Amino acid sequence: MPSTPVPAAVVDPAAATPAPWWTRATVYQIWPRSFADGDGDGIGDLAGIRSKLGHLSDLGVDVIWLSPVYPSPQVDAGYDISDYDTIDPLFGTLEEFDELLAEVHALGMKLVMDLVVNHTSDQHPWFVEARSSVDSPKRDWYVWRPQRPDGARPTEWRSAFSGPAWTLDEATGEWYLHMFAAAQPDLNWANPEVRAAVHALMDRWLDRGVDGFRMDVINHIAKSPASLEAGAAGFEMGAQIHDHLQEMHREVFAHRGDRELLTVGEMPGVSVEDAVLFTDPARRELDMVFQFEHVVLDNGPGSKFDHVPLRLTDLKRSLGRWQEGLAERGWNSLYLGNHDQPRSVSRYGDDGRWRYESATLLAAVLHLHRGTPYVYQGDEIGMTNARFTRLDQYRDVESLNRHQEARAAGATEEEVLETLRVRSRDNGRTPVQWADGPGAGFTTGTPWIEVPASGAEITVAADRASGERSVFDFYRRLIALRHDDRVVQLGAFTMLAPDDERLYAFTRTLGDERLLVVANWSGEPYELDPALDPLLGAALSAVPAGGAAPELVIGNVPGSSGPTLSPWEVRVLRA
Ligand code: NOJ
């Protein structure tokens, strides 16, 4: 396999073992439907991705994570898979996939597939067979429960997409479990045949040359048998999860030790303590997990749609706890946006007047934490939320179900539209805005979802032509910094000023090298206190004590050096 642009292994002095390659890597997520359309049908595809690989290699990312491109009825935008072994004609062919993979490798990048095996589509032959009869040999591949005498559902579990997590299969008179849409039945991982079938399909993709997997809701695969039997109110993760992941490691990854592969498990609700277990290299489960704590802080009591304002101190407490919790064992993944979240600059920054400053501040703060950063498509040019005003502009099953449920419960149309405007997943799913013009350079046809009004202004072409104010260029520099800088890769993290509602500040330390990040998370100027950290004191003093003045590694306000941070200014200093 061609070598990646990341340097040879460095030694982690703390652990005295070579640090894994992904401590130096940045991952870029492609959500294919909206990345680039090569054939003009309005839907992104593999040809489109191939035409834009130069963009990714200019950005300098090491790994591409490709959201699902397998055959699918597209009830949940491809997260409902009906065949694990090929490519949906919507996106291209298997031959095109092989060509894409070869091109990605030739550019020194890796390609990680999405592995969606908590559930399949209800159109997958496994489920079609399973639901055909209670005696089907595949019946036990899914989670079925008989009708209870009182007619109640087997448990009170709720689907993540509104409504109950059980649907009655009229023909056989039993309920099947679906943690997501009714068209996404959950597989029964207690059945060894299911596990073997999943290992086999993973093997086939690894044999094809892919470089690992992002595993969809992987902590949901083990359902607690006790909570299932007791009819519990909420989903509980079963203790078997660790056995399942260790077995997967043994069966699929252990004999491929000569390859640099990546495993990242998406885990809603995972605790720091559990994440240590999942990502401790000695336990051989996963390289890292996507945790959710920081992206639910602005959820209200009911659901993410009852959003509340985010307090910076809560965000710092949460991310700081994860930095601390995984400091000795395990590893963090770092993300603010993805295809399930609103655009990060709209959610955490100021997507109007301070869009450039806040988009770059968010990037610097995130990428300089300890962990592997993930860039979601479009964030590298500071794309903003969709700002849709009508229901017919939305496409996502979660948003449409939410609308229906909230209206039935008495909410007005305006109320529901307002919550979707803030939290709908479609905010992050509009086409990547490559250039001004109809279709935003994404398609020559009619896009499957509207290009927001911002498509006339926030584009890759405009951003890359904007010199010092290019968000893309700022990301490129951060990604390059991680390749080369051992403090960024491995330095210990310390949060500063945890109680300050406007300043996000921290240090990274490795041996006697230190980095200091100071970020003004607000639209007002911020007066820095030189006593915050000796490095800052030295940077702000006219005559630095004992040696050279700290160096400005990267910042988003050119020429700035005094004690006042401008609105949304970030500075990264090194001693
Ligand atoms: C998590 C995925 O990221 C999301 O898009 C999907 O809807 C659910 N899992 C179900 O697969």
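First listed ligand is number 1; within each ligand, the first listed atom is number 1. The shown structure was predicted, so the numbers you read here are calculated from the model rather than taken from an experiment.
- Looking only at distances, a side-chain donor or acceptor of Asn427 sits under 3.5 Å from a matching main-chain atom of Ala386.
- Heavy atoms of Gln29 found under 4.0 angstrom from ligand 1: none, in either backbone or side chain.
- Regarding atom 8 (C) of ligand 1, its nearest protein heavy-atom neighbour is Phe180 CE2, 3.7 Å.
- Listed by number with element, the atoms of ligand 1 under 4.0 angstrom from any heavy atom of Glu266 are 1 (C), 3 (O), 9 (N).
- No donor-acceptor pair closer than 3.5 Å links the side chain of Asn385 to the backbone N or O of Arg387.
- Of all the heavy atoms of Arg429, the ones lying under 4.0 Å from any atom of ligand 1 belong exclusively to the side chain.
- Within the listing of ligand 1, atoms 7 (O) sit less than 4.0 angstrom from a heavy atom of Phe161.
- Panel note: side chain His199, backbone Arg195; a donor-acceptor pair is recorded below 3.5 Å.
- Counting only heavy atoms of the protein, atom 9 (N) of ligand 1 lies nearest to Asp216 OD1, 2.9 Å.
- Among protein heavy atoms, the minimum distance from atom 7 (O) of ligand 1 is reached at Asp76 OD2, 2.5 Å.
- Of the candidates Trp141, Trp144, Trp166, Tyr176 forms a ring pair (Phe, Tyr, Trp, His ring centres under 6.0 Å) with just one, namely Trp144.
- In summary, the atoms of ligand 1 found under 4.0 Å from a heavy atom of Arg425, numbered by their order in the structure, are 4 (C), 5 (O), 6 (C), 7 (O).
- Although no hydrogens or angles enter the test, the distance criterion places a donor-acceptor pair under 3.5 Å between the side chain of Glu380 and the main chain of Gly378.
- In this structure, Thr430 contributes its side chain and Pro452 its backbone to no donor-acceptor pair below 3.5 Å.
- Proximity of Phe290 to ligand 1, defined as any heavy-atom pair under 4.0 Å, is not found for any part of the residue.
- His178 does not count as a contact of ligand 1, since none of its heavy atoms falls under 4.0 Å from the ligand.
- Although no hydrogens or angles enter the test, the distance criterion places no donor-acceptor pair under 3.5 Å between the side chain of Arg284 and the main chain of Leu245.
- With Asp340, Asp396, Asp80, Asp114 as candidates, the residue nearest to atom 3 (O) of ligand 1 on a non-hydrogen basis is Asp340.
- Shown in contact with His119 at under 4.0 Å from a heavy atom are these atoms of ligand 1, numbered in order with element: 10 (C), 11 (O).
- For Glu398, no heavy-atom contact with ligand 1 is shorter than 4.0 Å.
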Check step by step if side chain to side chain donor-acceptor pair (under 3.5 Å) holds for His294 and Tyr348.
CA-CA 11 Å; His294 65 297; Tyr348 301 107; 5.5 Å; no
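- Salt-bridge annotation for Arg423 and Asp340: absent, with no side-chain N of the basic residue lying under 4.0 Å from a carboxylate O of the acidic one.
- Distances shorter than 4.0 angstrom do not occur between any heavy atom of Met179 and any atom of ligand 1.
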